[in-house]
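Accompanying notes for the structure given below.
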Amino acid sequence: MHLYGTQTVNEKGHLTIGGVDVTELVSEYGTPVMVYDTELFKERAQGFKDTFERKGIEAQVAYASKAFSSLAIYQLAKQQGLSLDVVSGGELYTAVAAEFPRERIHFHGNNKSKEEILYAFEERIGCIVIDNFLEIDMIKEIASERKQKMNVLIRVTPGVEAHTHDYITTGQEDSKFGFDLKNGQTDEAFCALHDHEYINFLGMHCHIGSQIFETDAFRFAAEVLMEKMVEWRKSYQFICPVLNLGGGFGIRYTEEDHPLEPSAYVEEMADVVKLMAEECQYPIPEIWIEPGRSLVGDAGTTLYSAGSTKEVPGVRTYVAVDGGMSDNIRPALYDAQYSSAIANRMNEPHDHQWTIAGKCCESGDKLIEKAFLPKVETGDLLAVFCTGAYTYSMASNYNRLPRPAVVFVENGQHQLVVRRETYEDIIKLDLPLQQKEREIFK
Ligand SMILES: *Cc1c(COP(=O)(O)O)cnc(C)c1O
């Protein structure tokens with residue numbers, strides 16, 4: 001069994017995270033509960049930062065916070081000296097509430113509204129990553145009206161699409177994001193921005209995929225973007241001070257995944273950029289990266305209580321837990337794989353095959369198709385590992401299930417950082433029919 005970060009098994013055979021016995025967490029907070037190993041988060045953050053420092057390259061490591069957005073994780077990111085990617089007014093609002101340093105906030109999104117852009121100006125954030133021509137117009141208009149400067153990057157599609165185990169280079173990328181690098185859109189965007197009075201054009205951004213194990217894909221993207229930068233220097237005498245190469249660094253969900261150390265991806269990127277800058281005598285740009293999953297993914301574990309079981313003779317045995325697609329949509333959404341264990345009996349052989357089902361009214365609500373566990377008893381604690389990214393942030397109230405509690409653990413201490421939803425929370429936006437409407441809608 002693979003344990004992550006500070007996880008151990010104590011003398012009672014219980015899983016511990018951050019030095020805390022998970023059965024203690026469950027008696028305090030109930031299930032389902034999401035537990036974050038903050039030491040592992042910090043280790044990952046420092047790993048990225050140290051790599052750039054070792055290479056002598058100016059950098060910003062921006063936490064792509066759509067992976068898990070909350071006040072406490074933003075505070076932790078701030079404390080670790082990270083920058084922050086937000087993709088909506090709601091995430092920006094959360095960052096503001098967490099008193100995140102505005103100059104280190106970067107705003108992404110392929111359809112930012114005028115209100116969202118205005119909000120970014122009001123908060124004087126560090127950078128807007130522009131995605132399309134409508135946005136260029138809106139930003140120029142707002143900047144001119146307010147006589148306020150804004151740093152911008154433009155998001156480009158460099159024609160490389162990376163998946164877990166391989167990548168493809170496509171001439172023209174079919175993506176809803178960004179400006180195409182090859183067909184002239186990127187140059188057009190650059191020309192519309194780089195000499196504007198209130199626009200401080202920093203350079204280009206790309207994000208080529210997610211859960212990538214392949215360093216060549218990052219290398220390719222870095223090369224393509226550097227080539228464009230060199231071209232702009234020749235044609236426009238313009239030097240881009242920043243190169244943003246996005247996130248997407250893969251992590252280990254199951255034993256089938258063999259990622260490199262997260263910082264190894266960054267090391268390759270830095271080397272390529274450095275080499276090309278040297279060859280072209282181009283000033284080494286500041287490199288920005290945007291890890292999401294690789295900062296919070298394996299730091300998170302979800303604990304569920306086992307409920308009913310059902311045997312389908314000759315086919316499989318189900319065990320149902322007290323959560324499911326409402327707190328982790330990834331298996332149903334894209335067949336994501338996870339590993340698991342019975343957290344209160346870690347030392348028993350995990351050699352029976354189970355299918356872990358959720359409690360939502362969907363046949364597809366299965367968390368793990370093939371889980372190896374001891375014989376599960378009702379009331380056992382089921383740990384699903386590596387659930388820190390794109391789970392709580394995608395959670396819903398489907399079937400009106402309250403969303404779980406989220407707890408940070410470190411050094412034998414634990415702290416509730418998102419409280420469990422209550423039934424009251426669940427109806428708090430609902431408005432009852434008024435007397436008059438009751439008549440209309442009867
Ligand atoms: C989602 C996203 C990321 C983070 O991706 P991970 O796979 O979680 O590392 C980074 N940059 C952008 C622009 C994104 O949309």
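Just follow the structure's listing: the first ligand is 1, and inside any ligand the first atom is 1. For the numbers below, each heavy atom of this structure counts, side chains included, while hydrogens, waters and symmetry mates do not. The chain is numbered in sequence order, starting from 1.
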Examine F385 together with Y253 and report whether their ring centres are nearer than 6.0 Å. no

N/O of H108 under 3.5 Å from N/O of ligand 1, yes or no? no

For K66, the atoms of ligand 1 under 4.0 Å from one of its heavy atoms are 1 (C), 2 (C), 3 (C), 4 (C), 14 (C), 15 (O)

Closest to atom 7 (O) of ligand 1 among protein heavy atoms sits S210 OG, 2.4 Å

For K370, look at atom NZ and say whether over 12 heavy atoms of other residues, nucleotides or ligands are found less than 6.0 Å away. no

With ring-ring contact (aromatic ring centres under 6.0 Å, His included) as the criterion, how do F179 and F190 come out once you've worked through the C-alpha distance, each side chain's angles and the decisive distance to 0.1 Å? CA-CA 10 Å; F179 301 98; F190 169 77; over 10 Å; no

E290: numbered ligand 1 atoms lying under 4.0 Å from its heavy atoms: 3 (C), 4 (C), 9 (O), 10 (C), 11 (N), 12 (C), 13 (C)

Partner of H414 under ring pair (Phe, Tyr, Trp, His ring centres under 6.0 Å), picked from F408, Y36, Y29, is Y29

Of the choices S65, G248, C206, S294, which has the non-hydrogen atom that lies closest to atom 6 (P) of ligand 1? G248

N/O separation below 3.5 Å, H205 to ligand 1: no

Please name the pair of heavy atoms, one in S144 and one in Y198, separated by the smallest distance, quoted to 0.1 Å. CA-CD1, 3.8 Å

Under a 4.0 Å N-O cut-off, is there an ion pair linking K55 with D271? yes

As an exercise, identify every atom of ligand 1 less than 4.0 angstrom from a heavy atom of A64. 3 (C), 4 (C), 10 (C)

Against ligand 1, does Y390 come closer than 4.0 Å with any heavy atom? yes

Take atom CD in E231; do more than 12 heavy atoms of anything else shown fall under 6.0 Å from it? yes

Under 4.0 Å from a heavy atom of G292: which atoms of ligand 1 are those, numbered in the order shown and with their elements? 4 (C), 6 (P), 8 (O), 9 (O)

Heavy atoms only: which of R293, R155, H207 lies closest to atom 5 (O) of ligand 1? H207

